[in-house]
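Here is the structure we will look at.
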Amino acid sequence: MALFQTVYGYFDRDNREYVITRPDTPQPWINVISNGDYGMILSQAGSGYSWRTHASLNRITRWEQDLIRDAWGKYLYLRDVQTGEFWSPSWQPCGSDLDAYRVRHGLGYSVIESARGTIESQVTYFVPLQHPCEIWLLRLCNRDAKPRQIQVFSYFEWLLGVAPDWHREFRNLFIDTRYNALQNTLLATNVLWDIPGEDGPHWNRAWPYVAFHSASRPAVGFESDKRVFFGRHGDLAHPRALRQGCSLGTQGRWGDAIGSLQISLELPPDEAVEVSFILGAADSEDQALTLAEYYKDIPAAREDLANIQHFWNNLNNGLVVETPDPAVNLLANGWLSYQAISGRLWGRSAYYQMGGAYGFRDQLQDSLVWLLVGHPEHTLEQIRLHAAHQYSDGIVLHWWHPLAEEGLRSEYSDDLLWLPFVVMHYIYETGNVACLEEMIPFFDGGSAPLYEHCRRAFDVALGRRSPRGLPLILKGDWNDGLNAVGAGGKGESIWMAHFLYHLLTRWSELPALDEEIRLHFRTEANALCAVTNAYGWDGAWYWRATTDKGKFIGSAQNDEGQIFLNAQTWAVLSGLATPERADQAMQAVRQRLYSPYGPLLLAPAYTRPDPEIGYLTRYAPGLRENGGVYVHAACWAVLAERKTHGVQAAYDLWRSFCPPVRGLEPEAYMAEPYVMPGNVDGPASDLAGRGGWTWYTGSAAWYLCALIEGVLGVEATLDGLRVQAALPDGWDGYHIQRSFRCVTYDIYVRRAASGERTGCTVDDQPWQGEILPILEPGTEHHVKYICR
Ligand code: GLC
């Protein structure tokens with residue numbers, strides 16, 4: 001069934017695909033496909049790049065961040081032997097006059113379908129779940145009455161190391177390419193990997209992988225030198241190899257390293273042929289050749305594709321959502337968790353940010369998505385990974401590079417607190433308090449129980465306070481761009497006060513904490529609450545921060561940046577604000593920050609760089625954190641609305657920045673309608689309402705959370721799964737299947753008929769209260785709510 005159709009495409013609900021029906025989308029509309037190690041990106045034009053483990057330190061193929069031309073990629077060309085005509089089955093590099101074109105982005109794969117005259121092509125791209133490689137399955141069909149001879153050429157540029165390789169003439173000196181004729185495979189190695197880090201010599205070690213490219217049919221030619229493939233002054237749209245229809249068989253260490261295989265196909269009338277192309281980066285030549293061999297078997301490749309589809313379908317079975325709103329259903333039953341997992345946790349790369357590193361707070365928050373889809377064990381793995389990137393003094397790495405194991409010791413005030421935040425949610429979800437005893441190493445040596453890691457984070461945070469007891473902001477808090485506010489060690493953060501209060505109060509309730517700590521946390525929380533309410537209230541909302549010089553940020557006294565969203569929403573979420581102040585703060589947010597396309601992070605936007613605040617003020621007004629809708633934070637506003645104004649307010653706000661809905665005006669919104677953007681331009685931008693920074697954003701996991709908790713009212717608590725059943729206007733009911741502590745709760749909420757009594761039943765037995773009973777693991781239960 002086609003949903004949310006525009007001139008550019010639609011959601012195919014039944015196949016969980018987004019179908020792009022024309023290639024000239026307002027921005028690249030991509031898919032980020034990853035198995036947690038190997039990854040690739042494919043845009044609707046057929047462009048993109050590939051990497052292993054780290055998209056910037058270990059890139060396999062070259063790509064340039066030029067979203068306008070979007071003209072770097074790994075491409076196929078087709079050439080008619082009789083006429084010499086050639087084209088690409090994707091829009092780039094020379095498919096702009098194809099007779100038909102369609103891209104289907106799915107969960108874990110993408111398909112590009114096109115036609116040129118009577119030759120139809122279909123290329124299916126995917127990354128097998130278990131192997132460091134990608135497959136392109138090309139299917140060509142001849143609709144002609146006569147046989148056709150088609151040559152197929154593949155083409156991409158090897159990078160094999162740290163991206164971008166702007167000093168290409170230097171890099172070329174170390175790459176070696178070789179064609180293994182027996183196995184029909186191109187191999188490429190690199191003897192210089194300039195990865196940073198202390199583990200091994202810098203600028204004096206080899207890239208430890210073997211890159212390979214192969215095809216299921218014997219190649220009749222190959223090329224490893226760009227000059228020969230293109231011809232001097234040639235280009236991607238008219239390469240020499242295609243003009244002449246032949247490869248010259250270059251290999252060795254003397255060229256500009258590319259990979260290209262040439263295949264010849266005979267296409268009888270009305271018949272189809274299939275060829276698989278394989279590209280990867282193996283640990284050894286043996287593994288490279290084994291994988292190349294394995295994926296020459298097309299049924300085996302197809303089986304892997306089926307496994308991928310099965311994997312994502314199964315993953316989403318942990319959470320099933322059926323509501324009257326198709327946007328909710330599309331996002332909740334696949335796209336949001338896929339974006340969070342494939343894009344943010346595994347791939348960690350996208351067109352707007354090549355990435356590859358782990359952000360301490362970023363991927364920890366992303367890992368909350370595993371709780372919602374019924375795989376809390378992966379949240380625990382993420383917790384272990386991040387705890388191991390904490391120093392023994394409690395301070396953490398703001399970000400770090402896997403492979404190099406190198407990072408930035410954090411001077412942001414909040415980073416370290418996200419560890420206890422996520423641990424707490426993991427415990428709510430699983431009840432597994434024993435995790436606190438698990439021994440985890442510190443980044444600088446030694447190890448301690450997870451509890452101790454969290455405790456040290458709290459100790460550091462509690463120790464960093466101003467003379468009047470408010471948390472210091474240091475070189476920023478959640479808002480990275482406030483990086484100058486407290487660089488001198490004096491500036492304060494009100495959002496940090498809310499966040500710390502939130503954690504102290506909730507941690508003090510966790511079982512397995514000794515009485516002394518519990519008391520300590522409660523005392524500190526009360527003190528924090530008192531000083532924040534004494535000093536942090538600006539009159540009609542909470543101010544956001546003070547600078548080292550004592551100037552306010554987010555106060556009515558300011559001309560710009562008068563009110564910040566987080567300092568209000570977290571006052572509500574943490575419970576630090578009194579009900580009156582919570583209400584007043586949210587009224588201020590509604591009046592000053594809500595826009596038709598979502599709540600702004602602050603207003604008015606800064607129009608002049610303020611060196612005492614930081615780079616947030618250097619963004620153009622209305623962009624990103626400078627007065628745009630910063631979607632990550634917008635999700636917290638949905639949760640705060642639910643608390644203060646109930647389900648209707650939460651749902652209306654959630655929908656105001658919902659991509660399928662916003663995407664109905666693609667010329668204004670521009671971004672992909674099937675994934676979350678990091679930001680939407682605010683009113684101060686000439687392009688107000690434009691979505692940007694898609695895929696690589698913490699908003700995917702939080703948007704799902706805002707939906708499940710904020711709109712559908714289902715939330716994990718220490719005592720059990722809490723359901724606050726309520727319906728927005730126009731909904732007569734909804735169904736959510738949520739797995740919690742190994743029990744499947746099949747929850748049906750519906751509106752009472754006139755005169756019908758409201759209430760709840762569990763397996764047809766009356767049940768009182770919002771918290772559902774904790775039941776036998778492995779069982780499934782039917783929960784019914786009837787509400788007004
Ligand atoms: C970026 C950072 C994230 C930060 C956010 C807000 O998305 O990756 O860690 O919280 O910006 O500044």
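Count residues from 1 along the sequence. Note that ligands are numbered from 1 as they come in the structure, with each ligand's atoms numbered from 1 the same way. None of these values were measured; they are calculated from a predicted model.
Listed by chain and residue number, nothing satisfies the ring-ring contact (aromatic ring centres under 6.0 Å, His included) test with Y535 (two or more places apart in sequence, or in another chain).
Not less than 6.0 angstrom separates the ring centroid of W636 from the ring centroid of Y630. Taking the six-membered ring for Trp and the full ring otherwise, Y426 and W370 have centroids separated by 6.0 Å or more. For Y38 and W51, the gap between ring centers reaches or exceeds 6.0 Å.
For ligand 1, the protein residues within 4.0 angstrom (heavy atoms only) are R361, D362, W478, N479, D480, E625, Y630.
Across every non-hydrogen atom of W541 and Q562, the tightest pair is NE1-O, 3.1 Å.
In this structure, R409 pairs ionically with D393, as a charged nitrogen and a carboxylate oxygen lie closer than 4.0 Å.
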